Amino acid sequence: MKVLVTGGMGYIGSHTCVQMIEAGLEPVILDNLCNSKEAVLERINQLTGKTPVFYQGDIRDREILDQIFSEQSIDSVIHFAGLKAVGESVEKPLEYYDNNVHGTLMLVDAMKSAGVNSLVFSSSATVYGDPAEVPINENTPTGNVTNPYGRSKYMVEECLRDIQYAAPEMSITLLRYFNPVGAHPSGTMGEDPQGIPNNLMPFIAQVAVGRREFLSVFGNDYPTPDGTGVRDYIHVMDLADGHIAALNAVGKKDGLHIFNLGTGKGSSVLEMVDAFSDACGHDIAYKLCPRRPGDIAECWADTSKATKELNWEAKFDVKAMAADTWRWQSANPKGY
Ligand code: NAD
Ligand code: WQD
């Protein structure tokens, strides 16, 4: 089965391509490399012995979309491409809505013209905003989001809902990721953020490797066991496998399918720091700082729907997430 993977050179997309190849699927990548490097292709080849067909281009370019759909016989699309930095989205909302919302509409329009009916979309737990209670299941209300990035994900979800309603033959799957972390266990592929990392795990990894002096812990007065924020961190390899499980279970089944992809367990910032210290063998310097605006106290997934309907569940714990991130970061201190 040939699958168009938009954003396949990025963090989650590249790991998913490796797992797809291992599972006998054929990824075809479309990526404009705005947040990734071409070196990823060689790493995929080193791990799998195969190099996916790669089109360098933008999801908003109708010509390249039509070219791909006419040159390749695509069965399904996994749509990772997009911008994802919460803070930047506040500064540059137009770019976020253009890339994430308009880009997705261009993609789906091209799919419809080409008669491709199966789409898996990278959504985010951010669509739940600040939930009234945890764990969060797929019926928890969405839309109460506080930044343009999150709103773009919510808007795309709503657009796709309407599109699927009007085209009932389509299979559209919304995968709401919790907090993806970790790296390929070989240490050859991982997250390679440009500039100062926005997210916790890559920041800790850069402190561990000596690229940054200390971690700022954003708030220790939350109503959580140790006062720091609690999240559902999920290993990127588990997340990658979740996409394959979704393609297998519902990729050919018409309808709108929605799944949380998380582990169902929450970990605090300080627990992540401890796990990383164990992995790298030394302390991680940190300072307690004020809360980061827009952050919520705690968030973790009810994953029972994915377990039951996709026959998928996360296998890796926080220890493995830290160990694999450290293996990648220490072998590639400056990324790719
Ligand atoms: P990433 O930035 O590493 O990967 C995104 C890829 O898309 C990059 O390779 C980038 O070059 C490419 N891209 C961006 N805009 C494009 C465009 N217009 N045309 C073609 N290519 C384009 O991000 P990631 O962490 O792998 O995230 C993948 C998806 O998952 C994103 O949609 C993101 O919003 C979503 N997501 C990520 C997280 C997370 O914490 N990493 C959490 C929830 C959801
Ligand atoms: C995790 C915890 C911080 C950095 C974001 C997006 C979300 C999704 C995943 C894409 C929080 C604390 C962090 C630091 C810290 N992305 N922290 N010091 O905010 O849960 O989710 O990424 O869809 O949409 O909002 O993840 O990794 O930024 O933060 O103390 O330097 O770590 O306060 O408690 P978050 P994160």
Side-chain angles (χ1 to χ4, degrees), residues 5-16 29-38 40 55-61 64-65 78-87 89 95-96 98-100 102-104 106-107 121-129 145-147 149-150 152-153 156 175-181 190-194 196-204 206-207 212 214-220 222 224 227-234 236 239-240 243 261-262 266-273 286-300:
V5 183
T6 74
M9 303 290 273
Y11 172 48
I12 305 169
S14 57
H15 291 79
T16 304
I29 298 177
L30 170 64
D31 198 303
N32 66 4
L33 299 180
C34 72
N35 197 36
S36 52
K37 309 245 172 71
E38 207 165 346
V40 167
Y55 291 84
Q56 183 172 345
D58 199 292
I59 52 165
R60 291 160 295 183
D61 177 353
I64 201 164
L65 290 172
I78 305 184
H79 177 33
F80 293 104
L83 302 176
K84 63 163 182 177
V86 170
S89 78
E95 286 183 25
Y96 274 70
D98 184 46
N99 198 334
N100 295 4
H102 173 222
T104 304
M106 295 280 293
L107 172 68
F121 172 64
S122 295
S123 191
S124 168
T126 195
V127 299
Y128 296 116
V145 268
T146 53
N147 59 75
Y149 165 72
S152 76
K153 289 288 168 189
V156 170
L175 297 181
R176 295 177 178 155
Y177 314 155
F178 279 66
N179 286 61
V181 298
E191 188 169 11
D192 182 17
Q194 313 298 305
I196 303 170
N198 301 298
N199 296 111
L200 178 67
M201 195 66 152
F203 203 106
I204 296 178
Q206 292 195 3
V207 174
R212 318 233 163 240
F214 62 88
L215 169 76
S216 300
V217 174
F218 298 141
N220 68 334
Y222 285 107
T224 60
T228 66
V230 168
R231 298 289 183 275
D232 186 340
Y233 297 95
I234 172 167
V236 68
L239 195 58
H243 291 77
L261 294 184
S267 303
S268 74
V269 175
L270 294 180
E271 283 169 343
M272 296 307 281
V273 168
Y286 68 83
K287 288 187 185 167
L288 298 175
C289 299
R291 293 180 180 192
R292 182 173 65 178
D295 272 354
I296 59 175
E298 54 184 7
C299 165
W300 67 88

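All heavy atoms count here, side chains included; hydrogens, waters and symmetry mates do not. On a predicted model such as this, the values are computed, not experimentally measured, just so you know. Atoms within each ligand, like the ligands themselves, are counted from 1 in listed order.
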Counting heavy atoms only, name the option from Tyr233, Tyr149, Phe121 that's nearest to atom 34 (O) of ligand 1.
Tyr149
Ring geometry between Tyr96 and Tyr149 (parallel below 30°, tilted from 30 to 60°, perpendicular above 60°)
perpendicular
Ser122 heavy atoms, cut-off 4.0 Å: which ligand 1 atoms fall inside?
29 (C), 30 (O), 32 (O), 35 (C)
May I ask you to decide if Met272's main-chain N or O and Ser267's side chain share a donor-acceptor pair within less than 3.5 Å?
no
Identity and separation of the nearest protein heavy atom to atom 25 (O) of ligand 1
Lys84 NZ, 2.8 Å
Which heavy atom of the protein is the closest neighbour of atom 28 (O) of ligand 2, given with residue, atom name and distance?
Arg292 NH2, 2.8 Å
Donor-acceptor pair, distance only, cut-off 3.5 Å: does the side chain of Lys153 make one with the backbone of Ser122?
yes
What atoms in ligand 1 come closer than 4.0 Å to a heavy atom of Met9?
9 (O)
Polar atom proximity, Tyr11 to ligand 1 (N or O, under 3.5 Å)
yes
A side-chain contact here means heavy atoms from C-beta on lying under 4.5 Å apart; do Leu215 and Leu200 qualify?
yes
Are any side-chain N or O atoms of Asn220 and backbone N or O atoms of Leu288, one a donor and one an acceptor, separated by less than 3.5 Å?
no
Taking Asn199 for its side chain and Met201 for its backbone only, find out whether a donor-acceptor pair lies under 3.5 Å.
no
Which bit of Val269 gets closer than 4.0 Å to ligand 2, counting heavy atoms only: side chain, backbone, both or neither?
side chain
Atoms of ligand 2 close to Val86 [distance to a heavy atom under 4.0 angstrom, numbered from 1]
6 (C), 25 (O)
Students often mix this up, so state it plainly: with edges at 30° and 60°, are the rings of Tyr177 and His243 parallel, tilted or perpendicular?
perpendicular
Identify, by atom number and element, the atoms of ligand 1 in contact range of Asn99, meaning under 4.0 Å from any of its heavy atoms.
15 (N), 16 (C), 17 (C), 18 (N)
Does some non-hydrogen atom of Gly57 fall short of 4.0 Å from ligand 1?
yes
Atom 37 (C) of ligand 1: nearest protein contact (heavy atom, Å)
Ile12 CD1, 3.8 Å
Contacting atoms of ligand 2, where contact means under 4.0 angstrom from a heavy atom of Arg231:
1 (C), 11 (C), 20 (O), 34 (O), 35 (P)
How far is atom 22 (C) of ligand 1 from its nearest protein heavy atom, and which residue and atom is that?
Asn32 OD1, 3.1 Å
Using a 4.0 Å heavy-atom cut-off, which part of Ser123 comes near ligand 1: side chain, backbone, both, or neither?
backbone
Output the list of atoms in ligand 2 that are nearer than 4.0 Å to some heavy atom of Asp295, sorted by atom number.
3 (C), 19 (O), 33 (O)
Before signing off on this row, confirm whether Ile59 and ligand 1 have an N or O atom pair separated by under 3.5 Å.
yes
For Asp58, which part has a heavy atom under 4.0 Å from ligand 1: side chain, backbone, both, or neither?
both
Closest protein heavy atom (residue, atom, distance) for atom 5 (C) of ligand 1:
Gly82 O, 4.0 Å
Give yes if a backbone or side-chain nitrogen or oxygen of Leu30 is under 3.5 Å from a nitrogen or oxygen of ligand 1, and no if not.
no
At less than 4.0 angstrom from any non-hydrogen atom of Val217, what atoms of ligand 2 do you find?
30 (O)
Quick note on ligand 1: atoms under 4.0 Å from a heavy atom of Lys153 include exactly 31 (C), 32 (O), 33 (C), 34 (O)
Got an N/O contact under 3.5 Å between Ala81 and ligand 1?
no
Using a strict cut-off of 4.0 Å, indicate which atoms of ligand 2 neighbour a heavy atom of Ser216.
14 (C), 15 (C), 18 (N), 30 (O), 31 (O)
Do Leu200 and ligand 2 have an N or O pair less than 3.5 Å apart?
yes
Going by the order shown, which atoms of ligand 2 are within less than 4.0 Å of some heavy atom of Leu215?
14 (C), 18 (N), 31 (O)
Would Gly103 count as a contact of ligand 1 if the rule is a heavy atom under 4.0 Å away?
no
Would you mind reporting whether Asn99 and Arg60 have side-chain heavy atoms less than 4.5 Å apart?
yes
Please state which part of His79 comes within less than 4.0 Å of ligand 1, counting heavy atoms only: side chain, backbone, both or neither.
neither
Going by the atom numbers of ligand 2, which of them fall below 4.0 Å from some non-hydrogen atom of Thr126?
24 (O)
Where does Tyr177 meet ligand 2, judged by heavy-atom distances below 4.0 Å: at the side chain, the backbone, both, or neither?
neither
Look at atom 2 (O) of ligand 1 and say which protein heavy atom is nearest, naming residue and atom and giving the distance to 0.1 Å.
Asn35 ND2, 2.7 Å
With atoms numbered from 1 as shown, which atoms in ligand 1 lie under 4.0 angstrom from a non-hydrogen atom of Cys34?
10 (C), 11 (O), 13 (N), 14 (C), 15 (N)
Run the contact test for Tyr222 against ligand 2 with a 4.0 Å cut-off on heavy atoms, strictly below, and give the result.
no
Part of Phe214 within contact of ligand 2 (heavy atoms, under 4.0 Å)
neither
Any nitrogen or oxygen of Phe80 lying under 3.5 Å from a nitrogen or oxygen in ligand 1? Just yes or no.
yes
Yes or no on side chain to side chain contact (heavy atoms under 4.5 Å, CB included) for Thr224 and Ser268, after CA distance, side-chain angles and deciding distance?
CA-CA 8 Å; Thr224 60; Ser268 74; 5.7 Å; no
Tell me the protein heavy atom at minimum distance from atom 17 (N) of ligand 2, and give that distance in Å.
Phe218 CD1, 3.6 Å
Numbered atoms of ligand 1 (with element) below 4.0 Å of Ser36, judged on heavy atoms:
8 (C), 9 (O), 11 (O)
In the protein, what heavy atom is nearest to atom 40 (O) of ligand 1, and what distance, to one decimal place, separates them?
Pro180 CD, 3.3 Å
Is the backbone of Ile204 close enough, under 3.5 Å, to the side chain of Gln206 for a donor and an acceptor to pair up by distance?
no
Number the atoms of ligand 2 from 1 as they appear, then name those within less than 4.0 Å of a heavy atom of Asn198, with their elements.
4 (C), 28 (O)
Is Leu33 near ligand 1, meaning one of its heavy atoms is under 4.0 Å from it?
yes
Of the backbone atoms (N, CA, C, O) and the side-chain heavy atoms from C-beta on, which set of Asn179 has a member under 4.0 Å from an atom of ligand 1: side chain, backbone, both, or neither?
neither
Short version for Glu191: what comes under 4.0 Å of ligand 1, heavy atoms counted, is neither
In this structure, CH2 of Trp300 is separated from OH of Tyr233 (nearest 0.5 Å) by 12.5 Å
May I ask you to check whether Gly10 has an N/O atom sitting below 3.5 Å from an N/O atom of ligand 1?
yes
Can you find an N/O atom of Lys84 closer than 3.5 Å to an N/O atom of ligand 2?
no
Shortest protein heavy-atom distance from atom 8 (C) of ligand 1, along with the residue and atom involved:
Asp31 OD2, 3.5 Å
Indicate yes or no: at least one non-hydrogen side-chain atom of Arg176 is less than 4.5 angstrom from one of Ser123.
yes
